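Note that this is a predicted model, so its numbers are computed, not measured. The analysis underlying the following values was restricted to heavy atoms, covering all of them including side chains, and did not include hydrogens, waters or symmetry mates. Counting starts at 1 for both ligands and their atoms, following the listed order.
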Amino acid sequence: MAREKVILAYSGGLDTSVAIHWLKEEKGFDVIAVLVDVGQGRELKPLAAKAGKIGAAKTYCIDAKREFVEEYLWPALQAHAVYEGKYLLATALSRPLIAKKLIEIARKEKAAAVAHGCTGKGNDQVRFDMAVLTLAPNLKIIAPLREWDLTTREQEIEYAQVRGIPVPVKKKNPYSIDENLWGVSIECGVLEDPDMAPPEDAYQWTQNPLKAPRKAMDIEIAFQRGIPYGLNGTKMEPIRLIQRLNELGSQYGIGRVDSIENRLVGIKSREIYEAPAGTILLQAHRELEALTLDRELFQFKESLAPKYAQIVYNGQWFTPLREALDGFVEKTQYRVSGVVRMRLYPGFATCVGRSSHYSRYQKSLATYEKGDQFDRRIAEGFIKVWGMPYKN
Ligand code: ARG
């Protein structure tokens, strides 16, 4: 009888390398390894070859960068999704997309199961499983790290060495790192002490702000209907635009975050994040909304941002609520076109100029100089009515 197939989200790291062997030898599956490119910035082809060497029957390399940007990053940007005020959700946003790709391949390959290398105490398992539960309830989900007895990295390395699974030979990275176009998440090792300042080597992309250029740099980001499409007057393809802003932001040490966050599974964890492009874009986008949206819409929309972030963080991407919120947000973006000038300083960026055809700013009303058209006489009556409920 033919063996059943399992579609494994393969990253090339130790966990998923051991998982290939384990799924094949211990569970009796034909393992199909899938590498999804969400802008990790690493060559996937050599990793695919490695999967084959370990025992994968087949490997897929999927370039999902464009889909990631257009269907995940832009909606999150427009919604101003930042979890607990700090985390731009790079890792969290990639999970539903990777799960979706696994499911597509599972259907094509008529596989019985999908598998991932998430730990049993993190958020990522929730995001993967939730996506599969909602999109393909008939697929079995296997999370080797929830099942096997290998509880430490050392045990995994030993398991690998005994069975001839290639283990990264270079000096063991002291951190657990997840990267994509939207940023890097870094945890473990010395970072587990929340009172210990992150060593400089924890940061993967960004330069120490103290080593950043001493001169500020102005950049202009053009948006159309809430989507960034140009830099300094030149049209730029979305992936390239994010990469370029990551480079510039990294030079200036922009977008570093050190946080204690509340995981869905009920524990607190310490994580370092870097999101240079996202940090710049988010600020720029909000500035353009401040210019173009009326007060009620601007403030109401902002009130939804923490909820949207929670939905992404908690693995509720493929739900009616997220879709409904996206519908609302999209509707608000009609006027969010224009150009925002951001000034990059060592360690942070700030908006220094914005313009739009849809600007609601009226100089004739705001000015304290000649040309003032605001009727000051009506203010008194307005305030009397406004304050009426409080008058004693
Ligand atoms: N804490 C982040 C989240 O839950 C990132 C998780 C993965 N982090 C890592 N360093 N591998 O989305």
Side-chain angles (χ1 to χ4, degrees), residues 9-19 35-36 38-42 47 68 72-73 75-77 79 81-99 116-131 143-146 152-153 156 168 172-194 196 198-199 201-206 255-275 278-279 282 305-318 322:
Y10 182 64
S11 71
L14 180 65
D15 291 333
T16 50
S17 293
V18 171
L35 289 133
V36 183
V38 281
Q40 297 89 321
R42 232 172 306 132
L47 299 176
F68 187 43
Y72 296 77
L73 299 187
L77 167 68
V82 182
Y83 183 65
E84 295 185 335
K86 287 182 134 181
Y87 169 34
L88 269 66
L89 298 157
T91 299
L93 284 161
S94 72
R95 293 335 190 199
L97 172 60
I98 296 170
H116 58 69
C118 305
T119 74
K121 50 196 276 190
N123 297 309
D124 286 329
Q125 55 171 348
V126 182
R127 298 167 186 150
F128 272 111
D129 290 15
M130 288 278 282
L145 278 81
R146 288 198 294 240
T152 65
R153 203 178 157 84
E156 282 185 32
K172 167 176 158 238
N173 194 316
Y175 310 107
S176 160
I177 295 167
D178 182 68
E179 280 175 277
N180 64 49
L181 277 172
W182 209 228
V184 202
S185 310
I186 308 129
E187 62 179 347
C188 300
V190 292
L191 301 174
E192 285 177 1
D193 176 357
M196 156 117 180
D201 76 351
Y203 294 100
Q204 307 297 309
W205 290 3
T206 55
R256 288 183 167 192
V257 166
D258 175 342
S259 81
I260 297 292
E261 74 189 29
N262 290 297
R263 284 191 191 167
L264 181 61
V265 296
I267 55 182
K268 288 189 188 293
S269 66
R270 202 279 187 92
E271 188 117 29
I272 303 301
Y273 296 110
E274 296 169 272
T279 300
L282 215 108
K307 184 67 201 170
Y308 193 97
Q310 228 174 53
I311 289 168
V312 174
Y313 189 85
N314 291 340
Q316 294 164 299
W317 185 263
F318 296 111
R322 197 273 304 165

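For the pair Arg153 and Asp15, the salt-bridge criterion is not met [side-chain N within less than 4.0 Å of a carboxylate O].
Checked against side-chain hydrogen bond (donor to acceptor under 3.5 Å, both in side chains), Gln125 has the following partners two or more places apart in sequence or in another chain: Arg146. Residues that satisfy the salt bridge (Lys or Arg N to Asp or Glu O under 4.0 Å) test with Glu187, not counting sequence neighbours, are Arg263.
Residue pairs meeting the side-chain hydrogen bond (donor to acceptor under 3.5 Å, both in side chains) criterion with at least one member in residues 81-93, sequence neighbours excluded, are Glu84-Asn262, Thr91-Asp178, Thr91-Ser185.
The aromatic rings of Tyr72 and Phe318 lie perpendicular to each other, with more than 60° between the two planes, well past the 30° mark.
Judged by distance alone, with hydrogens and angles left aside, the side-chain atoms of Asn314 form no donor-acceptor pair with the main-chain N or O of Gln316 at under 3.5 Å.
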Contact table ligand 1 N or O to protein N or O, d under 3.5 Å:
unit_1   : atom_1 : unit_2 : atom_2 : d
ligand 1 : 1 (N)  : Glu261 : OE2    : 2.7
ligand 1 : 1 (N)  : Glu271 : OE1    : 2.6
ligand 1 : 1 (N)  : Tyr273 : OH     : 3.0
ligand 1 : 4 (O)  : Asn123 : ND2    : 2.7
ligand 1 : 4 (O)  : Arg127 : NH1    : 3.4
ligand 1 : 4 (O)  : Arg127 : NH2    : 3.1
ligand 1 : 8 (N)  : Glu271 : OE2    : 3.0
ligand 1 : 10 (N) : Ser176 : O      : 2.8
ligand 1 : 10 (N) : Ser185 : O      : 3.2
ligand 1 : 10 (N) : Glu271 : OE2    : 2.8
ligand 1 : 11 (N) : Ser176 : OG     : 3.0
ligand 1 : 12 (O) : Tyr87  : OH     : 2.6
ligand 1 : 12 (O) : Arg127 : NH1    : 2.8
ligand 1 : 12 (O) : Arg127 : NH2    : 3.0

